[in-house]
Amino acid sequence: MSFDIQKIRADFPILQQQIYKRPLIYFDNAASTQKPRQVIDAISHYYEHDNCNIHRGVHYLSVKATEAYEEARKEIRQFINAASTHEIIFTKGATESLNLVAFSFGEKYIKPGDEVITSIMEHHSNFVPWQQMCIERGATLRILGVNEHGELDLEELRLFLNEKTRLVAITHVSNVLGTVNPVKEIVAMAHLHGVPVLLDGAQGVSHLPVDVQDLDCDFYCFSGHKLYAPMGTGVMYGKEKYLEEMPPYQLGGEMIKDVYTDHTTFNELPFKFEAGTPNVEGVMGLQAAIHYLQDIGMERIAVYEERLLNYATEKLSAMEGIRFFGTSTHKASLISFLIGDIHPYDAGMIIDKMGIAVRTGHHCAMPLMDYLKIPGTVRASFAFYNTIEEIDQLVAAIVKAREMLS
Ligand code: PMP
């Protein structure tokens, strides 16, 4: 089946607009993706027909909304091939998912003198929670470096793993370098030492088919808004054996079984980790986004995005003075670069005036910027609604930025 890009683009109303009298070119997909009409309609449909608080009422609407919410959980289980719906915890995003694991897992399993392994390429969301949890619990955070291509060194991981290691927390795909980490090998290595592995899937799940049972990871965290779904939605997948033992992260309604004046018993999974009224509208949108992606096919999306990545890499490599950050052969569809000595912020401003949204700065990865000794990068991140012609426009905008700023 051919990839009908015009039909796909027509599904995204926001892409139809002009900015600065030019068609909008959106290359900030790693920050957040745009939403297809199907997702927007699912949210309206929910409010027009089903809106009600869930899990609490016996009346018609409450039951209907609860059923819709739990049906979405089943489909998300299927999407990442988790073994059970008990392992799918709805959150407000990857950040909340990662904090949940850091503090709940930390409370249960991390003692003074223990070690947690992470990497220098992590987003702050998968770095600061571990750093702070280790400080609180008297544990040590060990940080894997990257080579000149922006890849992890598995030999270093082998050296770091020891009897004090309690967890490895690594990103599936780097939001700065684009590197797709060899997560299956990482999981296998850690498991040899009996160490569980958390994967930050914020940038993985939107580009690659994810099968958590095949990866055998112990936790997988992601946000809906980078997956063409609404903001304020996210998932924390965790293996039931850990989730059963981990204490609740937040306390309140929904997550309890019985409350007495002097103690409380907690609800079963997944509700133990879902305190308070959830973002039902958002989950309806997340379900619609997953249907949309499944209709196109994650494999086909990966193939098309790789074409965009290869084309952009080839075009930018042919330009003088472009420095790339992240040149692994296993990359998702984003490129980070600097144009000569031009500050990324200045370049971003000129590129914006050409109607092109790119991201500039440290990309919430300050330890990596320090490691690379740069203030930030310009990042163009591609989605399956982007085109080769748009990349040609980016090349023209970079030429213009260089002319104006050199
Ligand atoms: N991890 C990675 C790799 C990311 O790229 C991001 C978002 N930029 C996050 C975590 C945090 O996601 P959110 O802000 O949606 O919680």
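Everything numeric here is computed off the predicted structure, so don't read it as measured data. Heads up: numbering here begins at 1 and tracks the sequence. Counting starts at 1 for both ligands and their atoms, following the listed order.
When only non-hydrogen protein atoms are considered, atom 5 (O) of ligand 1 lies nearest to Gln203 NE2, 2.7 Å. Looking only at heavy atoms of the protein, atom 10 (C) of ligand 1 is closest to Asp200 OD2, 3.4 Å.
Salt-bridge formation is detected for the pair Glu155/Arg158: a Lys NZ or Arg NE/NH1/NH2 atom is positioned less than 4.0 Å from an Asp or Glu carboxylate oxygen. For the pair Glu274 and Arg73, the salt-bridge criterion is met [side-chain N within less than 4.0 Å of a carboxylate O].
For the pair Phe90 and Met236, the minimum side-chain heavy-atom distance is 4.5 Å or more. When side chains are defined from C-beta on, Glu87 does not count as touching Val212, because their heavy atoms never get closer than 4.5 Å.
Considering backbone and side-chain atoms alike, Thr171 places every N or O at 3.5 Å or more from each N or O of ligand 1. For ligand 1, the polar-atom distance check against Thr95 finds a nitrogen or oxygen pair separated by under 3.5 Å.
Within ligand 1, counting atoms from 1 as listed, the ones closer than 4.0 Å to a heavy atom of Ser223 are 12 (O), 13 (P), 15 (O), 16 (O). Near Ala202, the atoms of ligand 1 lying under 4.0 angstrom from a non-hydrogen atom of the residue are 1 (N), 2 (C), 4 (C), 6 (C), 9 (C), 10 (C).
Using a 4.0 Å heavy-atom cutoff, Lys226 is listed among the residues neighbouring ligand 1.
Residues satisfying the salt bridge (Lys or Arg N to Asp or Glu O under 4.0 Å) criterion with Glu185, sequence neighbours excluded, are absent altogether. Remark: Ser336 engages Thr377 in a side chain to side chain donor-acceptor pair (under 3.5 Å) (not counting sequence neighbours).
Looking at Ala94 against ligand 1, both its backbone and its side chain come within 4.0 Å, counting heavy atoms. At a heavy-atom cutoff of 4.0 Å, ligand 1 is contacted by no atom of Glu96, backbone or side chain.
Stacking of Arg166 on the aromatic ring of Tyr109 is not recorded, the 6.0 Å distance cut-off and the 45° axial limit not both being met.
Evaluated by nearest non-hydrogen atom to atom 4 (C) of ligand 1, the leading choice among His123, Arg359, His225 is His123.
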